Each structure stands twice: as structure tokens, then as C-alpha cells.
Engineer: 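Could you have a look at this structure, given as C-alpha cells, before my questions?
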Amino acid sequence: MVADLGSGAFSNLLVHRELGSIDAVVISHMHADHFIDVIPMRYALKYGDAYRGVKIALYLPPGGEALLRRLTDAFPREAQGDFLSDTFDVRSYDPEQTLRIGEIAVRFAPTAHYVPTFAMRFEADRKSVTYSADTAPDERVARLARETSIFVCEATLSTAAENETPRGHSSAREAAEMAAVAGVERLLLTHYPATRDAAAIATEARAVFTGSLQVTDDGFAFGV
Ligand SMILES: [Zn+2]
Ligand SMILES: [Zn+2]
């Protein structure tokens, strides 16, 4: 299962996983940096070697399918088939319900962002990964992450930008605060500008969160 597919994520994903081993994609919100690589994935599934006629379940937030179809409707029609439905089983998830994908239970929490956005908690075998998606500091996200094994949290803003309004993102310090409140085992920070220094981000976060912490970059892999 894959959580979000922003630009570049699909090619990075293929470094770690064979396309044929992916059963589902879950999208947190309909900002392009979280879903746009569904499009190259579709081409790989439709025309690539790995395609074996098995559709990948594509779980979108409420309203997401209409937006994605508006986008894909702009492409010239191909000889046959629907742009998405040949390769994906397109579904909307209900963020108030637990979604089951194989052995994994997925729970959602709305976040504080500019469009409807859902943090996700993936749980199997008493291990869990919670992913903040995009969010300003939000107790609903911290609640979802409570005592999670790994909390993957965004750290978009510099501390100086904490006074921005309206707020839809967190600083590393604020991500670490959510992690501390939630009592997570391990914090992984992500979704920060490429121009920012990872060591500085880690220092900001370590001032607040004393547990295991890492600032991640493309290609970072972790086990649960
Ligand atoms: Zn966003
Ligand atoms: Zn984003």
C-alpha cells in the first residue's frame, strides 16, 4: 500500500517496490504534491511490463475523484478505455470509517490545511505508522498518532513562519510538539523545502521531542 504520490514519488517508489506488488494507493488530499504521480503510475500500469490486468485500488478523499477526472479529461482520449478505470479501481474513502486494506487497518483524522485533508494511521500486528499529511498543529492529528510506532510528520515551515496566517502547515518544532503530546516512539520529519538544512530542522525538533527522531529525504527507507 502507498500513502500519497507526489511529484517524483512514483519513480522513488519503484526503487524499493515492484509495481506488481502494490495493491492500493491512499491519497490524503487533492494538492498536486500529494497525488500527481498517480498519472505516471497509470501509464506504467497501462503500458508497462508489470501490468497483469490487476487493478490497483485508488482511495481518494471525498470529492477527490471529480477533481482527478477534471484533470485527466484534459488529456486526449486514447483508443480504448477510461483513463483511470482501466488501471485503477477508483474509490472514495469515508474518513469517519476504518478502511481495511489486506491486513492493514487505516484510520483517518481531519487536519488543519487549506483543503479537506486527512492524516492516516496504518495499523497491523500491534505496530502502527501515522502520517500527518499536511497540517498546522492540530490535536486531532496528535490524537490519531497517540503512542504510534512511527509518526511521519510534515515540517514545512521555518520557526519564523509560525506566525503566518492562515496556517496550513507546521514547523519542525510544532511537529515535535505533536509527537511529544502523542507519545510516539519514533518521529520522522518530511515535507520540508529542499533549500532548508536538515541538521537545523533536527536541532529545532530535538529541543522539544526527546525520543528517536530523523529528518528524512528522498529514498529514506524504514521498517516497522
Ligand atoms: Zn497540501
Ligand atoms: Zn503538501
Side-chain angles (χ1 to χ4, degrees), residues 1-97 99 101 106 108-120 122 131-136 152 154 156-157 164 166-170 190-195 216-219:
M1 179 184 28
V2 176
D4 279 355
L5 268 179
S7 47
F10 179 58
S11 55
N12 285 332
L13 175 68
L14 294 184
V15 174
H16 298 279
R17 284 277 181 278
E18 297 210 356
L19 186 54
S21 73
I22 295 163
D23 56 351
V25 176
V26 191
I27 301 295
S28 66
H29 68 298
M30 298 308 289
H31 275 159
D33 62 320
H34 293 256
F35 78 84
I36 202 73
D37 270 12
V38 163
I39 291 170
M41 182 184 234
R42 177 269 183 188
Y43 282 102
L45 287 168
K46 190 165 171 83
Y47 299 113
D49 298 337
Y51 183 58
R52 293 187 304 239
V54 180
K55 292 186 187 185
I56 290 182
L58 174 60
Y59 292 97
L60 299 171
E65 180 171 358
L67 188 153
L68 184 57
R69 288 196 184 278
R70 278 205 300 282
L71 194 63
T72 59
D73 281 350
F75 298 133
R77 267 191 72 81
E78 289 168 37
Q80 48 178 311
D82 172 272
F83 187 88
L84 292 171
S85 305
D86 279 1
T87 51
F88 293 110
D89 182 4
V90 184
R91 307 175 195 186
S92 290
Y93 58 79
D94 176 352
E96 301 203 338
Q97 303 291 324
L99 174 66
I101 301 174
V106 190
F108 301 91
T111 80
H113 195 44
Y114 307 113
V115 297
T117 302
F118 301 95
M120 310 170 190
F122 306 93
Y131 163 53
S132 69
D134 284 358
T135 189
V152 181
E154 71 125 291
T156 310
L157 302 180
E164 260 180 22
R167 285 286 304 274
H169 290 291
S170 300
T190 185
H191 199 283
Y192 58 89
T195 49
T216 64
D217 202 346
D218 286 358

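The figures here come from the full heavy-atom set of this structure, side chains too, leaving out hydrogens, waters and symmetry mates. All values derive from a computational prediction rather than experimental measurement.
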Engineer: Taking the side chain as every heavy atom from C-beta outward, state whether T135 and T117 have any pair of such atoms under 4.5 Å apart.
Structural biologist: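 They are not in contact (no side-chain heavy atoms under 4.5 Å apart), so the answer is no.
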Engineer: As a quick check of understanding, evaluate side-chain contact (heavy atoms from CB on, under 4.5 Å) for R42 and Y47, giving each step before the final call.
Structural biologist: CA-CA 8 Å; R42 177 269 183 188; Y47 299 113; 4.0 Å; yes
Engineer: Evaluate H31 against D134 for side chain to side chain donor-acceptor pair (under 3.5 Å), listing each step before the verdict.
Structural biologist: CA-CA 10 Å; H31 275 159; D134 284 358; 4.5 Å; no
Engineer: Are the side chain of N12 and the backbone of D218 linked by a donor-acceptor contact shorter than 3.5 Å?
Structural biologist: no
Engineer: Find the distance between OG (S11) and CE (M41) and round it off to the nearest 0.5 Å.
Structural biologist: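 These two atoms lie 11.5 Å from each other.
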Engineer: For E164 and L157, work out which heavy atoms get closest and say how close.
Structural biologist: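 Taking every non-hydrogen atom into account, OE1-CD2, 3.9 Å.
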Engineer: Please determine whether side-chain contact (heavy atoms from CB on, under 4.5 Å) holds for the pair I56 and V2, giving the CA-CA distance in whole Å, both sets of side-chain angles, and the decisive distance to 0.1 Å.
Structural biologist: CA-CA 10 Å; I56 290 182; V2 176; over 6 Å; no
Engineer: Check for me whether the distance between the ring centres of Y43 and F83 falls short of 6.0 Å.
Structural biologist: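 Yes: the rings meet the under 6.0 Å criterion.
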Engineer: Take L68 and I27 through the side-chain contact (heavy atoms from CB on, under 4.5 Å) test and state the conclusion after the steps.
Structural biologist: CA-CA 11 Å; L68 184 57; I27 301 295; over 6 Å; no
Engineer: Parallel, tilted or perpendicular: which fits the ring planes of H113 and H29, with parallel below 30° and perpendicular above 60°?
Structural biologist: perpendicular
Engineer: Donor-acceptor pair, distance only, cut-off 3.5 Å: does the side chain of Y114 make one with the backbone of G168?
Structural biologist: yes
Engineer: About how many Å separate CD of E65 and CZ of F88, when rounded to the nearest 0.5 Å?
Structural biologist: 12.0 Å
Engineer: Report yes if the side chains of T87 and L58 come closer than 4.5 Å at any heavy-atom pair, otherwise no.
Structural biologist: no
Engineer: Mark yes or no for whether S132, through its side chain, and E154, through its backbone, hold a donor-acceptor pair below 3.5 Å.
Structural biologist: yes
Engineer: Taking all non-hydrogen atoms of both residues, which atom of A44 and which atom of L19 are closest, and how far apart?
Structural biologist: CB-CD2, 3.7 Å
Engineer: Over all heavy atoms of both residues, which pair between L60 and G64 is shortest? Give the atoms and the distance, please.
Structural biologist: CD1-C, 3.9 Å
Engineer: Could you give the distance from OH (Y192) to OG (S170), rounded to the nearest 0.5 Å?
Structural biologist: 16.0 Å
Engineer: Run the side-chain contact (heavy atoms from CB on, under 4.5 Å) test on V106 and F122 for me, step by step, so that the C-alpha distance in whole Å, both residues' side-chain angles and the decisive distance to 0.1 Å come before the verdict.
Structural biologist: CA-CA 5 Å; V106 190; F122 306 93; 3.7 Å; yes
Engineer: In Å and rounded to the nearest 0.5 Å, what is the OG1 to OH distance from T111 to Y131?
Structural biologist: 9.5 Å
Engineer: How many angstroms lie between CG in L99 and CZ in F108, if you round to the nearest 0.5 Å?
Structural biologist: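 Going from CG on L99 over to CZ on F108, the span is 5.0 Å.
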Engineer: Contact between I39 and F10 at the side-chain level, heavy atoms closer than 4.5 Å - yes or no?
Structural biologist: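 Of all side-chain heavy-atom pairs linking F10 with I39, none is under 4.5 Å.
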Engineer: Can you name the closest pair of heavy atoms from P62 and F118 and give their distance?
Structural biologist: CD-CE1, 4.0 Å
Engineer: Are D4 and D33 side-chain neighbours, meaning at least one heavy-atom pair lies under 4.5 Å?
Structural biologist: no
Engineer: Hey, does P61 have a side-chain heavy atom less than 4.5 Å from the side chain of F35?
Structural biologist: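 No; the side chains remain at least 4.5 Å from each other.
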Engineer: Roughly how far apart are D89 CG and D23 CG, rounded to 0.5 Å?
Structural biologist: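 The distance works out to 11.5 Å.
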Engineer: For a quick test of reading the model, state the closest non-hydrogen atom pair linking S85 to K55 and the distance between them.
Structural biologist: O-NZ, 2.7 Å
Engineer: Would you say the side chain of P110 lies within less than 4.5 Å of the side chain of P95, judging by non-hydrogen atoms?
Structural biologist: no
Engineer: For E18 versus S21, what's the shortest heavy-atom pair and its separation?
Structural biologist: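 Nearest heavy atoms, E18 then S21: O-OG, 2.7 Å.
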